Amino acid sequence: MSAPITIEINGEARTLRAPLTVRELLTELALPVERLAIELNRGLLPRTEFERALADGDRLEIVTFVGGG
Amino acid sequence: MSAPITIEINGEARTLRAPLTVRELLTELALPVERLAIELNRGLLPRTEFERALADGDRLEIVTFVGGG
Amino acid sequence: MSAPITIEINGEARTLRAPLTVRELLTELALPVERLAIELNRGLLPRTEFERALADGDRLEIVTFVGGG
Amino acid sequence: MSAPITIEINGEARTLRAPLTVRELLTELALPVERLAIELNRGLLPRTEFERALADGDRLEIVTFVGGG
Amino acid sequence: MSRRDPSPESALSDEPLRIGRHEFRSRLLLGTGKYPSHDVMRACHEAAATECVTVAVRRVDLSGREKSLLDWIDRGRITLLPNTAGCFTVEDALRTARLGREAGLSELVKLEVLADPGTLLPDPVATLEATRQLVKEGFVVLAYCSDDPILARHLEQAGAAAVMPLGSPIGSGQGINNPRNIRLIKDSLRVPVLVDAGVGTPSDVTLAFELGIDGVLLNSAIALARDPVRMAAAMHHAALAGRHGFLAGRIAVTEHGRASSPESGKIAAATR
Amino acid sequence: MSRRDPSPESALSDEPLRIGRHEFRSRLLLGTGKYPSHDVMRACHEAAATECVTVAVRRVDLSGREKSLLDWIDRGRITLLPNTAGCFTVEDALRTARLGREAGLSELVKLEVLADPGTLLPDPVATLEATRQLVKEGFVVLAYCSDDPILARHLEQAGAAAVMPLGSPIGSGQGINNPRNIRLIKDSLRVPVLVDAGVGTPSDVTLAFELGIDGVLLNSAIALARDPVRMAAAMHHAALAGRHGFLAGRIAVTEHGRASSPESGKIAAATR
Amino acid sequence: MSRRDPSPESALSDEPLRIGRHEFRSRLLLGTGKYPSHDVMRACHEAAATECVTVAVRRVDLSGREKSLLDWIDRGRITLLPNTAGCFTVEDALRTARLGREAGLSELVKLEVLADPGTLLPDPVATLEATRQLVKEGFVVLAYCSDDPILARHLEQAGAAAVMPLGSPIGSGQGINNPRNIRLIKDSLRVPVLVDAGVGTPSDVTLAFELGIDGVLLNSAIALARDPVRMAAAMHHAALAGRHGFLAGRIAVTEHGRASSPESGKIAAATR
Amino acid sequence: MSRRDPSPESALSDEPLRIGRHEFRSRLLLGTGKYPSHDVMRACHEAAATECVTVAVRRVDLSGREKSLLDWIDRGRITLLPNTAGCFTVEDALRTARLGREAGLSELVKLEVLADPGTLLPDPVATLEATRQLVKEGFVVLAYCSDDPILARHLEQAGAAAVMPLGSPIGSGQGINNPRNIRLIKDSLRVPVLVDAGVGTPSDVTLAFELGIDGVLLNSAIALARDPVRMAAAMHHAALAGRHGFLAGRIAVTEHGRASSPESGKIAAATR
């Protein structure tokens with residue numbers, strides 16, 4: 001049982017239990033996997049890598065589609 | 001049996017047997033009554049007066065509808 | 001010495017001593033003859049008739065030039 | 001007394017006696033120094049280098065001002 | 001708004017165009033002249049879904065060889081609008097109008113009194129006089145005129161059932177040369193205002209309707225197009241586009257841009 | 001032409017708009033922003049019969065309370081076009097495009113790299129650089145740009161699948177400020193040319209298509225209209241009007257009038 | 001052409017503007033209303049080098065306190081043109097014209113018969129009737145009218161010494177809303193044609209003269225400008241620019257560019 | 001305002017146009033190409049009162065027969081502005097600019113890098129690259145470009161001493177096709193903005209200056225006019241008209257009329 005980690009999600013800092021994968025995080029946040037995309041530390045994180053474990057200090061951008069012109 | 005008369009139809013002079021009504025003239029010219037209108041000596045001739053007999057020197061304008069904008 | 005008369009000048013009623021000519025009226029009003037024109041009872045009054053005496057009930061329009069486009 | 005040289009001036013080949021400086025060439029061509037500029041082998045040739053001797057195969061562009069918009 | 005979405009059809013509900021006792025669902029009036037053939041004309045009338053077409057009054061062909069134009073017009077769907085095209089005097093316009101009524105059994109007339117064969121521009125004085133007379137005689141007068149807003153008022157006061165200002169000279173294809181005048185006319189009249197003459201393109205028709213006017217009459221823009229039937233269909237859509245664009249209320253014009261996408265929720269900007 | 005008249009439908013035959021591997025029968029692309037409600041948006045998409053709509057990429061709402069925009073878009077009929085709206089640097093545009101592809105599983109992207117929040121005008125240099133990079137990464141790039149004809153060529157050479165010159169600034173409703181440039185762009189490019197931004201009215205759309213361009217993308221003109229659904233239907237007709245007006249070949253413009261009715265066969269003129 | 005170059009002066013030779021028995025070297029006619037002060041008005045008249053100004057006819061101030069406008073007008077250089085501004089009936093226009101002649105000892109009159117205070121647009125019917133009457137009475141009538149080309153002809157036939165079509169409504173600053181009509185009027189009349197009303201900017205004046213017309217009358221564009229005297233000077237130059245631009249014969253408009261510099265004699269192109 | 005009226009001269013006070021270390025009282029720059037003769041050219045330069053003219057750089061005539069253009073240019077009053085007209089690559093533009101500086105002993109250069117001989121439109125990418133290089137080499141660069149407002153900013157940031165957006169294609173005479181863009185450019189730049197290319201008439205020049213820009217460069221509109229010297233004089237007045245019209249502050253545009261004459265003091269209206 002490791003120490004909690006602090007990561008930044010969409011600009012907000014959050015402290016979370018570890019270990020935790022991206023997919024687990026999405027489940028926790030009740031976000032649907034299929035309509036969103038994720039950037040991890042400024043780089044695109046493909047869906048194929050959602051099993052990856054989050055590390056302390058990681059910065060995530062989780063985006064989806066909204067109305068626009 | 002009276003003498004022939006000369007009348008002008010749409011600018012052309014024509015000599016015709018008399019007596020002759022407007023309706024008879026139209027029949028002679030094989031013109032359909034329903035889609036045309038007639039001016040006799042510059043005045044409109046209503047359909048109701050088509051039985052009128054033509055007189056020597058009468059000037060007729062017989063018109064119908066053609067394409068226009 | 002006759003009775004005073006009431007005339008309308010540019011829409012205002014005025015009571016004046018009689019007899020009084022148009023030219024005398026202009027002098028009384030201190031109006032320059034040369035730059036104005038007068039209508040008496042809706043008709044133009046030429047300068048040549050300024051000696052005419054005013055009558056009770058006369059309606060005068062005295063106009064001049066003002067700025068306009 | 002060296003052999004003649006062939007150089008290209010404004011796209012035309014010319015055979016000239018050598019040695020010959022740029023300034024001498026301009027004199028020979030009766031061209032006024034002040035209102036023109038010269039490119040030697042695609043590089044600008046400053047007035048200060050007009051004493052330079054021409055070599056066989058040199059390519060010169062001699063330009064001036066003409067009407068333009 | 002409920003979750004039951006309006007269909008495009010209900011979105012396009014509109015009242016009919018009323019002229020005299022006539023009602024037209026289509027606000028596009030067409031001509032019958034200058035088509036490559038009567039067949040093409042009929043196809044254009046169909047493609048444009050028009051319900052009213054103008055016809056000219058001319059001497060009948062005494063040889064009897066000519067087929068009648070009317071055989072190519074479905075009188076069940078389409079109302080004939082006799083015109084006085086080509087008249088340059090009040091008297092000729094009156095005579096032509098009377099003949100048209102007698103031949104067509106209709107009191108409708110598109111009144112044209114032109115000034116000269118060169119410009120083909122309407123004569124405001126003669127048009128006003130002829131309108132007064134024809135109204136006296138019981139005609140329903142659609143008066144073709146310039147885009148002078150005050151002249152249009154005089155024509156309405158003279159009893160015209162509709163006023164038809166030109167967009168530009170007949171057949172010129174210049175479009176609407178003075179949209180402000182057309183709007184002024186529409187805003188100060190009670191009778192229907194139809195733009196007649198000068199239209200060249202579908203966008204001319206759309207623009208005309210966006211000004212608020214009630215109908216458009218055109219002929220050459222379709223009849224002389226490279227593909228008349230396709231152009232007729234285009235004009236049909238142009239009329240609907242402009243009419244409903246007007247009814248829907250356009251956005252305001254601004255000098256500078258306004259974002260269409262939200263300013264918030266952007267990902268953290270890259271440090272430049 | 002045979003006596004069997006073509007129906008309006010056959011009169012309106014047209015090839016689809018092709019962008020990358022996509023084909024669209026409707027040449028009108030809409031946005032998804034600024035509507036009064038998602039319901040109205042969906043009704044507008046239907047009324048306009050659009051087959052492609054742009055969507056913005058933004059941070060997800062972590063509260064999970066927001067309903068997803070996509071629930072109001074029929075993915076069966078409508079293709080999503082992720083855009084990079086609101087990006088002011090090449091890097092942010094690239095990141096946003098990549099996120100959009102990942103979220104949408106589509107390689108389509110409407111590339112916007114704007115110069116500043118004030119004018120919202122596209123940056124020609126940054127747009128060209130970002131186009132080159134995104135094309136390298138396999139994107140099908142629809143490049144939003146100014147109406148500079150030579151810039152448009154550079155974008156085509158850089159591999160853009162479509163070039164989208166503005167009619168006027170985003171959301172300004174000014175319409176097509178320089179029709180000659182739009183025509184120049186269309187005439188010198190092989191890839192589709194779509195007018196994006198600035199459209200305010202149906203007649204703007206009709207005019208744009210009459211210039212020969214392949215499509216129009218608009219958002220505010222419908223979303224912010226007084227009656228958005230009616231305006232959407234009007235825009236649908238405007239696109240058909242302009243497209244087929246272009247294909248049908250307009251009449252020439254003449255300085256003076258040309259009669260629509262025959263000069264011959266008039267009744268004898270009254271002696272004046 | 002000799003080596004003695006023509007000076008700008010000789011380049012600007014022109015015939016005077018002739019109206020009735022009057023000749024004006026300046027083709028710019030100004031008003032006298034709405035200036036910040038009489039001093040500014042006089043300075044504007046000087047700066048514009050005008051030789052004819054319109055004045056309104058109004059009831060004299062019986063208090064005698066008002067100073068006379070005429071003290072600020074150099075009658076030696078400037079001809080007064082009484083107008084019937086503000087008249088809405090033929091009779092009021094006739095009365096005002098007669099009063100103006102009596103007061104000004106001039107037979108010149110700028111005839112305005114307006115339809116209503118809202119639009120301030122000229123009434124074509126009343127204007128024509130008043131023109132006929134005033135001409136009978138020996139007036140030299142400058143008739144203010146709409147830009148209906150046929151109405152302008154009627155006014156000429158009625159004896160107007162000059163016809164003055166509006167560019168746009170009085171004081172609106174809209175400029176020349178229908179240049180084609182103005183040109184049509186000029187091309188079909190023999191009497192001088194002056195554009196009156198609606199001018200807002202120097203370029204409006206320049207454009208008006210480029211259409212070939214003989215003069216421009218304006219008031220608000222100068223009197224209400226932020227710097228009236230500078231604007232008056234600008235209008236003076238604008239009139240010369242347009243008039244001589246017209247006389248000099250403009251280049252044709254082409255769809256594509258034409259080089260201004262020689263194609264030949266270029267240095268050898270770098271191998272790209 | 002005092003009773004001493006300002007003279008037109010003082011009304012026309014203005015600061016000079018400053019480009020690099022140069023100051024010009026005239027804001028009209030002319031070309032030297034396509035005139036009927038060198039004499040006419042000189043007369044036009046005089047009539048327009050220009051203080052700066054562009055010249056092209058071309059191979060000298062080896063026959064020595066040609067007379068030098070410069071003999072017809074008064075170098076005392078007129079500054080030469082060498083241009084890179086006819087260059088289609090960055091390298092050719094750089095070579096031409098360097099040759100021009102060497103021949104003219106001036107650091108001024110009007111930079112043109114065109115995309116192709118067909119459109120003669122400027123290449124935004126190549127122009128930006130060439131500007132950066134020439135600025136490095138100490139040139140004072142007047143950059144000819146499209147009317148893309150953001151491109152204009154890039155050119156300023158690259159060190160251009162003046163930015164010269166086109167009104168329309170070179171020699172086309174189309175005028176100012178997108179006035180809004182020209183105004184946007186002027187409003188967002190600190191360096192002088194000159195409209196170059198496309199001008200056809202004096203009113204085009206007047207309109208350009210009314211947008212606030214600092215100068216206009218033209219050639220064909222004068223050189224190819226029917227009477228070039230008169231047109232040159234007209235253009236001189238057009239520039240003053242537009243410049244001072246801008247400085248004087250135009251009246252606002254209103255949809256409806258505003259009376260120029262007083263509403264009060266009218267004579268009693270006739271009973272209608």
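On a predicted model such as this, the values are computed, not experimentally measured, just so you know. Naming: A, B, ... by sequence-line order, numbering from 1 per chain.
- Minimum interatomic distance between E:Gly118 and F:His256 (heavy atoms only, all atoms of both residues): O-CB, 4.4 Å.
- The closest side-chain heavy-atom distance from E:Leu30 to E:Leu217 is not below 4.5 Å.
- Counting heavy-atom pairs closer than 4.5 Å to chain F, the top residue among E:Ala225, E:Gly33, E:Ala85, E:Ala239 is E:Ala225.
- Your options are E:Gly175, E:Gly242, E:Ser264, and the one with the most heavy-atom pairs under 4.5 Å with chain F is E:Ser264.
- Listed options F:Pro169, F:Gly198, F:Pro262 were ranked by heavy-atom pairs under 4.5 angstrom with chain E; first place goes to F:Pro262.
- Once rounded to the nearest 0.5 Å, the distance linking CG of E:Asn177 with OG of E:Ser168 reads 5.0 Å.
- Between the side chains of F:Asp71 and F:Ser68, no donor-acceptor pair of N or O atoms lies under 3.5 Å.
- Heavy atoms of E:Pro117 lying under 4.5 Å from chain F are absent altogether.
- Of the possible polar contacts, one joining the F:Gln174 side chain to the E:Thr254 backbone as a donor-acceptor pair under 3.5 Å is found.
- Within the 4.5 angstrom heavy-atom criterion, no atom of E:Ala197 approaches chain F.
- Here F:Ala248 is the residue among F:Gly265, F:Gly31, F:Ala248, F:Gly249 with the most heavy-atom pairs under 4.5 Å with chain E.
- F:Lys110 and F:Asp196 are joined by a salt bridge, as a carboxylate oxygen and a charged side-chain nitrogen come within less than 4.0 angstrom of each other.
- Neither the backbone nor the side chain of F:Phe209 comes within contact range of chain E; no heavy atoms are under 4.5 Å apart.
- Residue with the most contacts toward chain E among F:Ser172, F:Ala49, F:Ala232, F:Ala238: F:Ser172 (heavy-atom pairs, distance under 4.5 Å).
- For E:Thr54, no part lies near chain F; criterion is any non-hydrogen pair under 4.5 Å.
- Scanning both residues, F:Ala223 and F:Pro228, for their nearest heavy atoms gives O-CG, 4.0 Å.
- For F:Thr119, the part sitting under 4.5 Å from any heavy atom of chain E is the backbone (N, CA, C, O) and nothing else.
- For a residue to count as touching a neighbouring chain, one of its non-hydrogen atoms must lie under 4.5 Å from one of that chain's; by this rule E:Leu121 does not touch chain F.
- Comment: F:Asp14 engages F:Arg27 in a salt bridge, judged by a side-chain N to carboxylate O separation of less than 4.0 angstrom.
- For F:Asn83, the part sitting under 4.5 Å from any heavy atom of chain E is the side chain, from C-beta outward, and nothing else.
- Between the side chains of E:Ser203 and F:Glu210, at least one donor N or O sits under 3.5 Å from an acceptor N or O.
- Contact annotation for E:Glu112: neither backbone nor side-chain heavy atoms come within less than 4.5 Å of a heavy atom of chain F.
- With values rounded to the nearest 0.5 angstrom, F:Cys87 atom SG is found 7.0 Å from E:Lys266 atom NZ.
- When heavy atoms are compared at a cutoff of 4.5 Å, E:Ser260 approaches chain F by way of both its backbone and its side chain.
- If you tally non-hydrogen atom pairs under 4.5 Å between each of E:Asp204, E:Thr32, E:Ile170 and chain F, the highest count goes to E:Ile170.
- For a residue to count as touching a neighbouring chain, one of its non-hydrogen atoms must lie under 4.5 Å from one of that chain's; by this rule F:Ile222 does not touch chain E.
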